[in-house]
S.K.: 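Starting off with a structure, shown below.
One-based numbering, in listed order, for ligands and for the atoms of each. By convention here, the first residue in the shown sequence is residue 1.
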Amino acid sequence: MTENARTAPGAVRTVACVGAGVIGGGWVAHFLGRGYRVVAWDPAPDAGSRLRGLVASAWPALESLGLAEGASTANLRVADTLADAVSEADFVQESAPERLDLKIGLLAEIDAATPEGVVIASSTSGYSMSEMQVGARTPGRLVVGHPFNPPYLVPLVEVVGGARSERWAVDWASDFYRAAGKSVITMEQELPGFIGNRIQEAAWREALHMVAEEEATVEQIDLAMTSGPGLRWAFFGPCLTFHLAGGEGGMAHMLDHFGPSLKSPWTRLEAPELTAELRDRMVAGTDEVVAGRSTAELIAQRDRRLIAVARALEEVEREEAAERAGGQA
Ligand SMILES: NC(=O)c1ccc[n+]([C@@H]2O[C@H](COP(=O)([O-])OP(=O)(O)OC[C@H]3O[C@@H](n4cnc5c(N)ncnc54)[C@H](O)[C@@H]3O)[C@@H](O)[C@H]2O)c1
């Protein structure tokens, strides 16, 4: 396999999205909003209408954030076959169900049908590309491009290759996602859960333990995060946040001061047993927090809030840039 001779990352026109559920549909909305032509394929009989519904519900959010020139829902084509979907693609994003046998077979099929040199990325959250690329004829162009939900509003994509992926494909995918408006982490090694989900999983396990032990309710856990650490994590992350917890002494003082308490039993981290009782308690507690809102209502509320946070951060960053420019003048 040679380097992608067809298209430079910044010159991509057509993206194929294979699998168009929650994440695939979110990718379709993102790429359409960025002005790409998108060809989607999904074997479900109602996939086309479901996908158009998902794009229609995401579109107001994308419009309010600002569409790329030429962006239109009319640039979506739903193909009847996988081979048709990928035949004219400059890039392929696979977002099929999270089953290893399915991913291995599907990625081999996509690889066989996609023009030579075109990069193929999988949205998988749980499998490594090393496990998934074993059936492909040209595995060098297969990489993971792991998004966060919804891909049209949460910018992060974690890019990583497998044992048989080639460097150029990892770099090409990273450059393409950047050109498509994403915030990209190119990982140098495969890591179960990648980065974002490993951090999220630690908090999730502790939340489940606290509910299982009746130490906290679902409502208290969500409020603790949204009114507390979650607010800071939208812009500084856990490390810079703790740097400030060390005052003028910064991270060094913070570690010297609070280091010994790392050993105190604040967290359990081992996953709790997901008993029927814990499952039911989580579901009942979540129902209370949801308080009758439909999933569509919740998605609309989430999207408005994500946009509000993104806008507020953009404004602060613009002000800071203007202040810096003023200071240099
Ligand atoms: N849901 C999330 O928050 C999230 C986040 C990041 C990554 N992911 C990953 O994205 C992928 C898709 O997850 P999802 O949540 O969108 O699932 P989903 O069930 O919502 O969608 C899967 C879609 O794939 C279709 N499909 C079934 N068989 C297929 C096949 N053989 N080929 C192509 N499509 C097929 C289904 O009809 C469905 O529309 C998974 O690998 C998952 O790990 C999910």
S.K.: Report the relative orientation of the aromatic rings in Trp27 and His30; use parallel for angles under 30°, tilted for 30 to 60°, perpendicular for over 60°.
M.R.: perpendicular
S.K.: For atom 32 (N) of ligand 1, state whether the nearest protein heavy atom is under 4.0 Å away.
M.R.: yes
S.K.: In terms of atom number and element, which parts of ligand 1 are under 4.0 angstrom from non-hydrogen atoms of Glu98?
M.R.: 40 (C), 41 (O), 42 (C), 43 (O)
S.K.: Looking only at N/O atoms, are Glu94 and ligand 1 under 3.5 Å apart anywhere?
M.R.: no
S.K.: Taking the six-membered ring for Trp, are Phe176 and Trp172 parallel (under 30°), tilted (30 to 60°) or perpendicular (over 60°)?
M.R.: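 Judged by the thresholds at 30° and 60°, the geometry between Phe176 and Trp172 is parallel.
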S.K.: Write out the residue and atom name of the closest protein heavy atom to atom 44 (C) of ligand 1, then the distance separating them to 0.1 Å.
M.R.: Ile23 CG1, 3.2 Å
S.K.: If the contact criterion is a heavy-atom separation under 4.0 Å, does Ala47 count as touching ligand 1?
M.R.: no
S.K.: Closer than 4.0 Å and a protein heavy atom, does any atom meet both conditions relative to atom 17 (O) of ligand 1?
M.R.: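 When distances to the protein are checked, atom 17 (O) of ligand 1 has no heavy atom within 4.0 Å.
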S.K.: Nearest 0.5 angstrom please: Leu208 CG to Arg279 CZ, how far?
M.R.: 12.5 Å
S.K.: In this structure, does ligand 1 have an atom that sits under 4.0 Å from one of the heavy atoms of Pro43?
M.R.: yes
S.K.: Say whether His146, considering both its backbone and side-chain N or O atoms, lies within less than 3.5 Å of an N or O atom on ligand 1.
M.R.: no
S.K.: Would you tell me whether Arg37 and Thr14 have side-chain atoms, one donor and one acceptor, within less than 3.5 Å of each other?
M.R.: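 The criterion, which ignores hydrogens and geometry beyond distance, is satisfied for Thr14 and Arg37.
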S.K.: Report yes or no: do Gln93 and Tyr177 form a side-chain donor-acceptor pair below 3.5 Å?
M.R.: yes
